[in-house]
Protein chains: 2
Amino acid sequence: MPATARKKPAKRRRSPIQSRGQATVDAIVEAAAQILARKGPAAATTNAVAARAGVSIGTLYQYFADREALLQEIGRRHVAEMQAVLAAALTGIDGLALPAAVDRLVAAIVAMHRVAPRLHQALHQSLARDHLDTIDAFEVAVEAMVSHALASRDELDLAHPALTATVLVRGLGGLIRTTLRREPERLDDPALALAMRAMILGTLGESRRRT
Amino acid sequence: MPATARKKPAKRRRSPIQSRGQATVDAIVEAAAQILARKGPAAATTNAVAARAGVSIGTLYQYFADREALLQEIGRRHVAEMQAVLAAALTGIDGLALPAAVDRLVAAIVAMHRVAPRLHQALHQSLARDHLDTIDAFEVAVEAMVSHALASRDELDLAHPALTATVLVRGLGGLIRTTLRREPERLDDPALALAMRAMILGTLGESRRRT
DNA sequence: AAGGAAGATGAGCCTTTGCTCAGATCCTCG
DNA sequence: CGAGGATCTGAGCAAAGGCTCATCTTCCTT
């Protein structure tokens with residue numbers, strides 16, 4: 001053992017201290033995200049990522065304990081971005097009347113899923129079961145947010161706001177994800193937006209306390 | 001080269017002729033499906049599958065050109081089973097009044113997704129992009145079926161039956177898949193069934209020709 | 001019952017890929 | 001300027017997994 005006793009690097013990750021290091025980390029994460037989105041999880045080998053990022057594999061492993069850790073970091077950043085987009089698309093929605101608010105909601109959810117659909121899908125495919133938590137947590141948060149928004153509108157008079165929120169968020173999410181995978185261009189179709197609007201309004205109407 | 005000139009085995013798959021061979025193929029497919037469902041795509045190595053099926057790897061490769069071909073076969077069988085379950089759960093639905101028909105539809109879609117959810121998910125993860133066609137085709141067929149069913153009910157007076165069918169099928173599918181992954185036990189919750197019912201009825205109501 | 005086709009075997013080749021390590025290079029700061 | 005930490009390098013190890021092939025066994029046919 002050397003004189004300078006290293007503390008056991010339980011996670012052998014070094015946090016970048018100089019700005020150069022930070023740039024390297026960013027380059028690695030970005031390269032990985034690109035490969036993941038364009039060629040899928042299988043193509044995102046550590047060597048390929050390092051090559052694309054323009055660094056050596058050794059450097060990659062200086063900052064990430066293993067491949068999984070890298071994927072997790074990508075997941076974290078991706079969720080943060082989705083969150084930001086969603087929040088931006090929803091600002092001021094409380095002040096709007098119901099129809100306008102619904103339109104805004106539709107646009108927001110679509111925008112959120114548009115952030116990086118291929119990457120989103122690739123992450124779902126490649127993250128080990130135990131590490132989907134980051135993404136799951138975000139989805140739960142979205143449901144909670146919508147639930148709260150629904151509950152605060154007395155006009156809706158919902159019997160079970162949380163349940164309705166769950167149905168709407170998961171339903172719309174699935175609809176958008178499926179469409180994005182099979183007919184991506186269709187997401188621009190105004191008719192689809194109208195149909196989603198109808199689904200939301202209809203569901204809300206049918207979920208009132210006294211039908 | 002031997003005297004008996006082999007025709008080039010472009011796809012080196014041998015179709016079983018004796019019943020023994022058929023049994024072997026079934027054992028292999030079943031073993032693979034089990035591993036896929038229980039431990040995920042990564043664990044479904046060809047060697048592991050052969051071991052679980054109780055045959056040697058050589059035998060596996062006698063019937064399947066490569067790993068992908070095996071996965072495709074599993075996909076084919078799985079889709080066939082879902083189709084059968086769905087058809088069974090929908091028999092006689094045309095004769096029912098709307099509310100009852102909707103309940104039946106909800107039950108049918110849930111039943112269909114229950115067939116082998118883990119396997120379903122694993123297939124989506126492991127099938128190469130080019131080979132999701134089998135699954136996609138089935139989903140398209142389901143949408144067409146529902147679309148037709150909706151259009152044939154004059155009482156609904158839908159403006160765009162196909163569009164409404166798409167929204168409903170993809171929406172419900174996403175809802176069920178998400179729930180199955182995150183809170184599987186909740187699929188038995190009657191409240192959720194009611195919420196789905198509300199979503200369907202509401203969406204139908206809001207999608208009429210003249211609102 | 002004999003020949004040949006169908007079926008089965010499994011050691012091991014070969015490629016891929018995650019990851020390590022011994023050192024080279026770059027920065028910062030006294 | 002020079003020491004020492006931060007950063008980077010890349011050949012290559014070891015494990016894993018897809019797949020082949022030479023050979024053996026079982027079954028059908030006549």
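All heavy atoms count here, side chains included; hydrogens, waters and symmetry mates do not. Please read all numbers here as calculations on a predicted model, not as lab measurements. In what follows, every chain begins at residue 1, and chains take the letters A, B, ... in the order their sequences are listed.
Closest to the side chain of A:Asn47, out of D:dC19, C:dC19, D:dA6, is C:dC19. Ranking D:dC8, D:dT20, C:dG10 by closeness to the B:Tyr61 side chain, first place goes to D:dT20. Of the candidates C:dG7, D:dC8, D:dG18, the closest approach to any side-chain atom of B:Pro16 belongs to C:dG7. Candidate nucleotides C:dA8, D:dC8, C:dC19 were compared by shortest atom distance to the side chain of A:Thr24, and D:dC8 ranks first. For B:Ser56, the side-chain atoms get nearest to C:dT9 when compared with the rest of C:dA6, C:dT9, D:dA6. Ranking D:dG18, C:dC19, C:dA8 by closeness to the B:Gln62 side chain, first place goes to C:dA8.
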(message) Using side-chain contact (heavy atoms from CB on, under 4.5 Å), reason through B:Leu119 and B:Arg77 one step at a time and then give a plain yes or no.
(response) CA-CA 11 Å; B:Leu119 175 62; B:Arg77 295 190 179 200; over 6 Å; no

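A:Gln34 and A:Arg52 share a donor-acceptor pair across their side chains, judged by distance under 3.5 Å alone.
Each of A:Ile57 and B:Ala42 has a nearest nucleotide on DNA chain D; the 5'-most of these lies closest to A:Ile57.
Using a 4.0 Å heavy-atom distance criterion, B:Thr45 is classed as a sugar-phosphate-only contact.
Under the 4.5 Å side-chain criterion, counting only non-hydrogen atoms from C-beta, B:Val169 is not in contact with B:Met145.
B:Ile17 has its CD1 atom 5 Å from the P atom of C:dA6, to the nearest Å. With rounding to whole Å, B:Arg20 atom CZ is found 9 Å from C:dT9 atom P.
Axis angle between the ends of the helix from C:dA1-D:dT30 to C:dG30-D:dC1, five pairs each and rounded to 10 degrees, works out to 10°.
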